[in-house]
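The chain is numbered in sequence order, starting from 1. As the structure lists them, so they are numbered: ligands from 1, and atoms in each ligand from 1.
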Amino acid sequence: MSGSYNAHSIYSASGAHRWMNCPPSAHLEQQFPNETSTYAEEGTAAHDLAEHKLKKALKMRSKKPTSPYHSDEMDEMTDLYVEYCLELIQKSKENCSDPQILIEQKLDFSDYVPEGFGTGDLVVVGDGNKSEKENGRGTLYVVDLKYGRGVIVSAEKNPQMMLYALGALSLFDMLYDIEKVSMAIVQPRVDNFSTWEITVEELLKWAEEELKPKALLASTGGGEFCAGDHCRFCRAKNQCRARAVKNLELLKYEFQDPALLTDEEIAEIIGLADELAKWAGDIYTYATALAINEGREWDGFKLVEGRTRRKFTDETAVAETAKEAGYTDIFKQSLITITEMEKLMGKKKFNELLGSLVEKPKGKLTLVSEADKRQAVDPIHAEFQVES
Ligand code: SF4
């Protein structure tokens with residue numbers, strides 16, 4: 001679930017990746033306002049709509065939410081989420097006629113993290129009911145909808161999901177004998193349906209040995225600042241010194257011999273460049289916002305108007321005026337886009353009629369970290385676009 005539901009907990013599940021990697025960030029963040037963004041509001045609208053649709057599909061009472069963020073895309077994406085959830089519920093019914101289904105359930109993991117709680121989009125437990133002995137040990141399912149598409153989120157070893165799992169376990173472990181937890185992140189806008197399973201034994205071991213000590217450090221403001229990709233959602237990221245120091249490490253290459261960088265150094269710089277670019281971009285956006293909104297002046301910089309392109313203010317009036325003056329060759333026709341065409345015809349008809357007329361051009365070759373999930377390509381034997 002998005003961060004807005006966890007706004008009152010400093011040690012929120014959605015921030016766990018950050019505060020587990022950088023425990024003092026939990027306290028440092030508190031001096032910065034928890035500002036919402038259009039992305040967060042859009043995410044909340046998608047969650048509300050998805051919750052409503054899932055409840056309706058399960059014949060539960062629900063009132064359709066309204067939001068200015070609703071769109072055809074949101075409708076389609078929340079349908080995909082609901083479809084996924086219904087399949088999962090169906091699967092759990094194979095072992096149990098009456099599985100427990102919780103939607104938008106508050107999950108309390110404060111046994112491990114002070115004041116820790118979050119909201120599970122969908123929690124399902126079917127088999128393993130202690131009163132039905134023949135049922136065997138059960139699986140607990142935890143599903144989280146992510147509406148964003150900026151970062152692809154994996155369920156594997158995802159601390160947010162593991163915290164939800166701990167909260168869900170504490171709800172059910174009196175009644176059910178649960179052997180493992182299956183976690184799923186549904187991120188339909190980037191076609192990401194990531195799942196991961198862990199045994200309850202391993203989950204509790206992680207909670208005792210890794211989570212609890214980090215949560216203790218975070219709650220006391222202890223531990224070391226540690227910058228990394230987790231800084232992305234930290235409210236202190238623009239002014240954080242640890243992040244600046246880490247990124248400025250690049251400068252050490254200025255003073256080294258020999259005169260030319262070695263291949264190893266270039267590889268190391270590429271590894272840092274992505275984070276460095278994000279950091280520099282964040283500082284620039286932050287400084288610009290203060291200059292515009294609060295009149296803050298930065299030595300050596302000024303505000304100017306960006307370059308723009310001319311545009312017509314009233315296309316109908318332009319066409320009429322041009323026609324009256326004898327200019328008739330003023331229109332260009334263009335086809336609607338693939339997405340619009342697919343929406344117009346529906347996926348099936350679209351593939352039937354136009355499938356053979358659609359191609360996906362090869363992507364531009366890009367150098368990325370080995371951790372990236374895409375398949376490596378051989379540039380010698382494959383034809384790809386190369387930047388000129
Ligand atoms: S910006 Fe990064 S290093 Fe700094 S407090 Fe936040 S998470 Fe820690």
Q.
Can you classify the ring geometry of H230 versus H17 as parallel (below 30°), tilted (30 to 60°) or perpendicular (above 60°)?
A.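 If you compare the ring of H230 with that of H17, the planes turn out perpendicular.
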Q. Measuring to atom 2 (Fe) of ligand 1, does C231 have an N/O/S atom at a distance below 2.8 Å?
A.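 Short answer: yes, at least one N, O or S atom is under the cut-off.
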Distance filter under 4.0 Å to [X] heavy atoms, resulting ligand 1 atoms:
| X | value |
| --- | --- |
| H230 | 7 (S) |
| A227 | 3 (S) |
| K237 | 1 (S) |
| F225 | 5 (S) |
| L28 | 5 (S) |

May I ask you to identify the nearest protein heavy atom to [atom], giving residue, atom name and distance to one decimal place in Å?
| atom | value |
| --- | --- |
| atom 8 (Fe) of ligand 1 | C22 SG, 2.3 Å |
| atom 4 (Fe) of ligand 1 | C240 SG, 2.3 Å |
| atom 5 (S) of ligand 1 | S25 CB, 3.5 Å |

Q.
K63 vs E51, test: salt bridge (charged side-chain N to carboxylate O under 4.0 Å, His left out). Steps then yes/no.
A. CA-CA 10 Å; K63 190 164 173 276; E51 176 186 0; over 6 Å; no
Q | Part of R18 with heavy atoms under 4.0 Å of ligand 1, whether side chain, backbone, both or neither | A | side chain
Q) Relative to ligand 1, is P24 under 4.0 angstrom through side chain, backbone, both or neither, heavy atoms considered? A) neither
Q.
Check R243 with D282, please: is the shortest side-chain N to carboxylate O separation under 4.0 Å?
A. yes
Q: Using the ring of F225 (Phe, Tyr or Trp, six-membered ring only), decide whether R241 places NZ or CZ under 6.0 Å from its centre and within 45 degrees of its axis.
A: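 R241 over F225 ring: no.
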(Q) L140 and side-chain contact (heavy atoms from CB on, under 4.5 Å): which single residue from L169, L203, V124 fits? (A) L169
(Q) Just to verify, which of H52, K59, K53 counts as forming a side-chain contact (heavy atoms from CB on, under 4.5 Å) with K56? (A) H52
Q) Within less than 2.8 Å of atom 8 (Fe) of ligand 1, any N, O or S from C234? A) no
Q | Other residues, nucleotides, ligands: >12 heavy atoms within 6.0 Å of F32 CZ | A |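 Yes, CZ of F32 has more than 12 neighbouring heavy atoms, counting only those of other groups under 6.0 Å.
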Q: Using modelled atom types only, decide if a donor and an acceptor are shared between the side chain of S110 and the backbone of V113 within a distance under 3.5 Å.
A: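 A pair under 3.5 Å: no.
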